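A note on names: the letters A, B, ... follow the listed sequences, proteins ahead of strands, and every chain is numbered from 1. In this text the structure is predicted, and so the values were computed from the model without any measurement. All values below come from the heavy atoms of this structure, side chains included, with hydrogens, waters and symmetry mates left out.
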Protein chains: 2
Amino acid sequence: MTDANRPIHMDLSGVPDVVILRLPMYVRALSQLLDAGSEVVNSHRLGRLLRITPAQIRKDLSYFGKFGKQGQGYSVRFLRNELRRILGLDRNWSACLVGVGNLGQAIINYPGFAPEGFSVVAAFDSDPALVGKPVRDIPVRPMSDLDAVISEGEVAIGIVAVPASQAQSVIDQLVDAGVRGILNYAPVAPSVPDGIVIRNIDPALSLQSMTYYLLQDDSRPV
Amino acid sequence: MTDANRPIHMDLSGVPDVVILRLPMYVRALSQLLDAGSEVVNSHRLGRLLRITPAQIRKDLSYFGKFGKQGQGYSVRFLRNELRRILGLDRNWSACLVGVGNLGQAIINYPGFAPEGFSVVAAFDSDPALVGKPVRDIPVRPMSDLDAVISEGEVAIGIVAVPASQAQSVIDQLVDAGVRGILNYAPVAPSVPDGIVIRNIDPALSLQSMTYYLLQDDSRPV
DNA sequence: TCTTGTGAAGTGATTCACAGCT
DNA sequence: AGCTGTGAATCACTTCACAAGA
């Protein structure tokens with residue numbers, strides 16, 4: 001009962017998706033703690049920082065191993081490094097951007113990607129007026145270059161910042177070219193083949209669900 | 001058993017959050033169908049469009065009433081209007097933006113908010129160099145104006161596009177001024193009082209959880 | 001016959017509570 | 001004494017499956 005029938009926690013496909021979604025939050029909080037000079041932390045404090053219950057944090061971590069010491073807590077540095085390794089953030093990830101309009105340019109200039117090992121190595125646009133003029137050192141290429149650049153450059157991630165009407169077609173092209181993850185900013189629910197990971201960034205949907213709750217407690221005088 | 005002990009489905013606070021998060025997706029899909037000339041739809045087709053099971057859709061709708069006709073399906077127009085009403089999208093919502101840097105300007109220029117009744121009526125920045133120069137017709141004001149503009153203008157929503165270090169403080173100011181919903185683009189996990197609705201837009205977190213799955217099936221040759 | 005609306009069943013995630021280690 | 005790691009219990013969400021209406 002102690003060691004014979006161990007749980008299959010190392011079964012990687014068995015970790016719930018919600019757990020994976022929380023790990024980056026842990027990494028971020030741990031980095032902050034480290035910056036603030038904390039070398040150890042317990043699940044209670046980490047939970048307060050992220051507004052997550054301590055039990056949740058301990059359970060999440062238990063899917064991957066034992067990282068803490070009873071009575072003390074976790075080494076901030078060690079836990080952060082382990083989580084970064086688990087998430088694959090200890091390596092570099094090349095991404096390409098499709099769509100260099102307002103939004104696309106903001107994405108290229110967004111400083112939040114680089115720190116965790118993501119770099120946009122190429123950009124594409126169907127508008128000839130945009131092609132050729134680099135944005136922040138990143139060359140803007142025609143769509144016809146997409147396939148070659150992705151397959152030759154080991155680009156694993158495609159970032160989609162095109163109008164809704166073109167999004168599915170662009171995503172199909174990215175997948176065909178060999179991209180394995182899609183970060184989609186277009187307001188659509190795209191379909192991708194099995195094995196392709198997609199994340200949608202959709203502020204309009206966020207606002208539209210928010211208003212439901214704003215309607216509820218109109219108790220206070222506006 | 002038929003009518004005496006009816007379920008408390010009209011108990012508005014009893015609708016699961018996940019359901020509310022899906023309603024805007026339904027609205028969007030229904031709008032598309034309408035644009036495409038479809039007047040009726042059934043849960044199966046709507047589900048295929050959104051990659052949601054038909055049972056899920058019917059169950060979600062059942063929290064709010066009966067919108068369909070057995071044997072036929074739903075009137076696209078009617079269902080869309082009902083959902084828009086339920087979500088509060090049949091009225092106008094004023095929002096203000098804090099932070100008029102790269103990201104903030106992209107948000108102001110983002111065409112996705114206006115169609116569902118959201119309008120950014122004011123913008124604020126702590127940088128004097130940005131204050132005074134309107135961005136796309138929206139005046140940029142100093143932070144000191146924030147309180148007055150929000151309370152006088154019936155601004156219910158604050159959009160936060162400032163650096164992480166300032167985000168919590170800005171959110172506090174917005175809440176104090178009377179905003180009831182926050183759309184936060186800063187990479188932090190802010191805390192807000194009860195009754196305040198917050199939505200976080202955090203592409204970096206999305207990418208960081210994506211890579212976990214990209215590591216898993218390295219079956220194909222890269 | 002087709003499709004909704006919904007109790008009941010099933011599945012999945014969170015929280016509890018405590019044994020065990022430091 | 002303090003805190004982790006984790007089965008067990010609880011809670012929440014999804015899917016099933018079918019009665020009933022068009």
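Neither OP1 nor OP2 of D/dC13 sits under 4.0 Å from any side-chain N or O of B/Y63. A close approach under 4.0 Å does occur between a side-chain nitrogen or oxygen of B/Y74 and OP1 or OP2 of C/dG5. Between B/R58 and D/dA17 there is no side-chain polar atom (N or O) within less than 4.0 angstrom of OP1 or OP2. Distances shown here put a side-chain N or O of B/Q56 below 4.0 Å from the OP1 or OP2 atom of D/dT15. In this model, the phosphate group of C/dT6 is approached by a side-chain N or O of B/K66 to a distance below 4.0 Å at OP1 or OP2.
A donor-acceptor pair shorter than 3.5 Å cannot be found between the side chains of A/N200 and A/Y185. Under the 3.5 Å distance criterion, with hydrogens and angles disregarded, a donor-acceptor pair is assigned to the side chains of B/D172 and B/Q168.
Annotation: the terminal axes of the helix from C/dT1-D/dA22 to C/dT22-D/dA1 meet at 0°, where each axis is the rotation carrying the C1' atoms of four end pairs onto the next four (5 pairs per end, rounded to 10°).
B/S38 contributes no side-chain N or O that, together with a main-chain N or O of B/L34, makes up a donor-acceptor pair within less than 3.5 Å. A/R51 places a side-chain N or O within 3.5 Å of a backbone atom of B/A189 that can act as its donor or acceptor partner. In terms of modelled atom types and a separation under 3.5 Å, the side chain of B/E116 and the main chain of A/Q208 share no donor-acceptor contact.
Note: CD1 (B/I57) to P (D/dT14) measures 12 Å, nearest angstrom. Taking atom CD on A/E82 and atom P on D/dG5, their separation rounds to 12 Å, with Å as the unit. For A/D17 and D/dT14, the CG to P distance is 13 Å, given to the nearest whole Å. Nucleotide C/dT1 holds its C1' atom 16 Å from the NE2 atom of B/H44, rounded to whole Å. Put simply, CG on A/D60 is 7 Å from P on C/dT14, counting in whole angstrom units. Atom CZ of A/F67 is separated from atom C1' of D/dC3 by 17 Å (rounded to the nearest Å). Atom CG in B/L79 sits about 16 Å away from atom P in C/dT3, given to the nearest Å. The separation between B/R48 atom CZ and C/dT3 atom P is 11 Å, rounded to whole Å.
Nucleic acid contact for A/R22: sugar-phosphate only, since backbone atoms but no base atoms lie under 4.0 Å from a heavy atom of the residue.
Place A/V19 and B/P54 on DNA chain C by their nearest nucleotides, and B/P54 ends up nearer the 5' end. Each of A/Q72 and A/K59 was assigned the nucleotide of DNA chain C with the nearest heavy atom; the assignment lying further toward the 5' end belongs to A/K59.
The pair A/D60-A/R22 meets the salt-bridge criterion, with a side-chain N (NZ, NE, NH1 or NH2) lying under 4.0 Å from an Asp/Glu carboxylate O.
Partner of B/I182 under the side chain to side chain contact (heavy atoms under 4.5 Å, CB included) criterion, out of B/V197, B/V170, B/V160: B/V160 alone.
On a pure distance criterion of 3.5 Å, no polar donor-acceptor pair joins the side chain of B/Q70 and the base of C/dT3.
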